Amino acid sequence: MELQNLTSTALIHTNVSFTSKDEAIRYLVEQLNQEGKLHSKEEFYQSVMERETLSATGFEGGLAIPHGKSSAVKEASFAVATLQTPLDDWESIDENNRVELVILLAIPEAEAGSTHLSLLSELMTRMADPAYKERLLQAKTSKALYASLDQEEEEKERAVSHTGKTILAVTACPAGIAHTYMAAEALVRAGNDLGVEVLVEKQGANGVEDRISKSQVTKADAVIFAADVAVKDKQRFSSLPKVTTTVAAPLKNAEGLLQEALEKAEKAPARQEAAEVEVEEEEQEDKPFKTEIKDSVMTGISYIIPIIVAGGMTLAFAVLVSQAFGLQEVYETEGSWLWLLRQLGGNMLGTLMVPVLAAYMAYSIGDKPALGPGFAAGICANLIGSGFLGGMLGGLLAGYIIKFLKKKLQTTGTFSGFVSFWLYPVLGTLSVGCIMLFVIGEPLAAMNQGLISWLEGMSGGNAILLGVILGAMVSFDLGGPVNKAAYTFCIGAMASGNIMPYAAFASVKMVSAFGVTGATIVGKKYFTKPEQEIGKQTWLLGLAGITEGAIPFMIKDPLRVIPSLIAGSAVTGGIVAYFNIGLGVPGAGIFSLALVEGPSLFVAASIWLGAALIGAFISMVLLIITRKNKLKKQSRKRSDKTEDQQVEMKEAVS
């Protein structure tokens, strides 16, 4: 990017004296106005000062970059001033910063996501070079400073004895612009001084840049995380010694961080050398379709688990208190404390969960630009009542729409920021929204209504079959449209005086959670550590009749988990229906135990709870068996592959 194209010698002033930050900003605003860059200097000044209230524009090493994005700006430009006496009153990230170089950016509102980002990132990258910044500060005239803006420093030939060490780094700051690039540049320069190869992945406003590959991780000695936000895909570096610090730290002591990383690498136990085939395997930009789908689903799951647990336990608490202390009326009264807790937990599960799932599935495929369309897809899934299955479909659609747009609408330079932050999200949201609302919506609504009508025709003589079907529906999609159709039917039946369907529904609601917990305890060795941790919590959700706790298991391995849960749930529903147990009060889980109706309270409660435990036991056994068979099948495939490789090697030798 040519900085000289966005300024002029008339906008550059050296060795100026100011008594305050406000005076410096007003002076540079006046220079921009005199050069015809502004429609209104007062309006632009206000926009700059409003930006100053949001966060510090002073950085480190005497630098400050105030900026304003306003319709009062005619064309993108910037003004520069070097100060005779440094200013101490400029709010800076480094509290000891004394400002002696001020660069005021004037950006039209329409270029807020393009020119602004490109110019700021370019300045930050260049300012990370102390020699470049010093050259600007030492310029005696405006012409000299102007000439230095794009003057490339002559590279000095140095005989550097390369140590053979490689350090990886990831830089990321909240805005994804300034410090992300400055920290990266500082680490690379320090690496050159030490004779260490430094590879930096920048996770900034435009997504991931210079992504580190698998082979680079394999060959590296350590990794530095210089970030003030969560690092994306951090698990990629799990095998490496780590140094974790703030994104500003490399600007102060990049060499020290590299030395610390090298020391940790020396003390770390020797890593097992990867097979040659793995070393050569690169992390391709275009993953295989199956792998990409799997990674997308796993990413979505990882982000919804905290929401499921937090929302489920909040709702469980409200249900427990209302049913244990006879506060059902308070629970149903709008605005009451129990009603508010119920709404909080219910909205986390019913409103927030699906958009988060869809958004982060889309994010896994299309990176940051896909987040907006992903959230939109999840909201659409809620609007059309398609549950988490619709959210998954929407998340995949949003991700692949953004991926398609990124391939077909590629730009470079100042226009790239506009495309990433405006065009991709807007087109993606409109596209996925239209597909979800106008293509998928009506067919799903018609299916749900047809399902409810079919269930209504099954009551009476087919009571046992109805219980079996209701049980299967409850655990088929765990809170999705099929589950909601069963719930709607049960509530309608209760209103008509038939209280058996809801008793079956409430009992079955515990089966999936109990089954998952039992499977991860009894068959612990067949499940991963994350699955075991989830299993420890789902039984608590099951006590309150919350099925969503089993969703991560279902999404990860639906072909085995769904039939296992359905089998146990169908048995539970059939048992409750066979003994004609009833429940005339809306609720779910163990807290309905004292409210069930039958031959006697004790007998009815025993059958109702016993049916849930029997169903959970059946599901638990099936979950363990199917997982065990899956692992055996995978083991046989690996064994067969190894044998084939050995045969090929023998044939090659002979």
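In this chain, numbering begins with 1 at the start of the sequence shown. Computed from a prediction, not measured in an experiment: that's the story for all the values here.
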| request: Locate the shortest heavy-atom distance separating Ala370 from Gly399; write the atom from each residue and the value. | output: CB-CA, 4.5 Å
| said: In the structure I gave you, are the side-chain heavy atoms of Leu187 and Thr171 within less than 4.5 Å of one another anywhere? | reply: yes
| message | What I'd like to find out is whether the side chain of Lys406 reaches to under 4.5 Å of the side chain of Asp367, using heavy atoms alone. | response | yes
| task | Could you check whether the rings of Tyr363 and Tyr303 sit parallel, tilted or perpendicular, using 30° and 60° as the cut-offs? | result | perpendicular
| remark: Ile401 and Val432 have their tightest heavy-atom pair at CD1-N, 3.9 Å
| request: Considering non-hydrogen atoms only, spot the tightest contact between Pro369 and Ile402 and give its length. | output: O-CD1, 3.9 Å
| query | At their closest point, which heavy atom of Leu105 faces which heavy atom of Phe44, and how far apart are they? | reply | O-CZ, 3.7 Å
| query | Looking at Asn97 and Ser92, what are the two nearest heavy atoms and their distance? | reply | ND2-OG, 3.1 Å
| field | Spacing of Asn33 atom CG and Glu35 atom CD [to the nearest 0.5 Å] | value | 10.0 Å
| Inter-residue atom distance Ile65.CD1 - Thr57.OG1, 0.5 Å rounding | 8.5 Å
| query | Any sub-3.5 Å donor-acceptor pair from Thr166's side-chain atoms to Ala220's backbone N or O? | reply | no
| query | Taking 4.0 angstrom as the limit, do Arg236 and Glu201 come out as a salt bridge? | reply | yes
| Below 4.5 Å, heavy atoms only, C-beta onward: do His67 and Ile107 meet side chain to side chain? | no
| remark: Heavy-atom closest pair (Val198 atom, Gly191 atom, distance to 0.1 Å) is CG2-CA, 3.7 Å
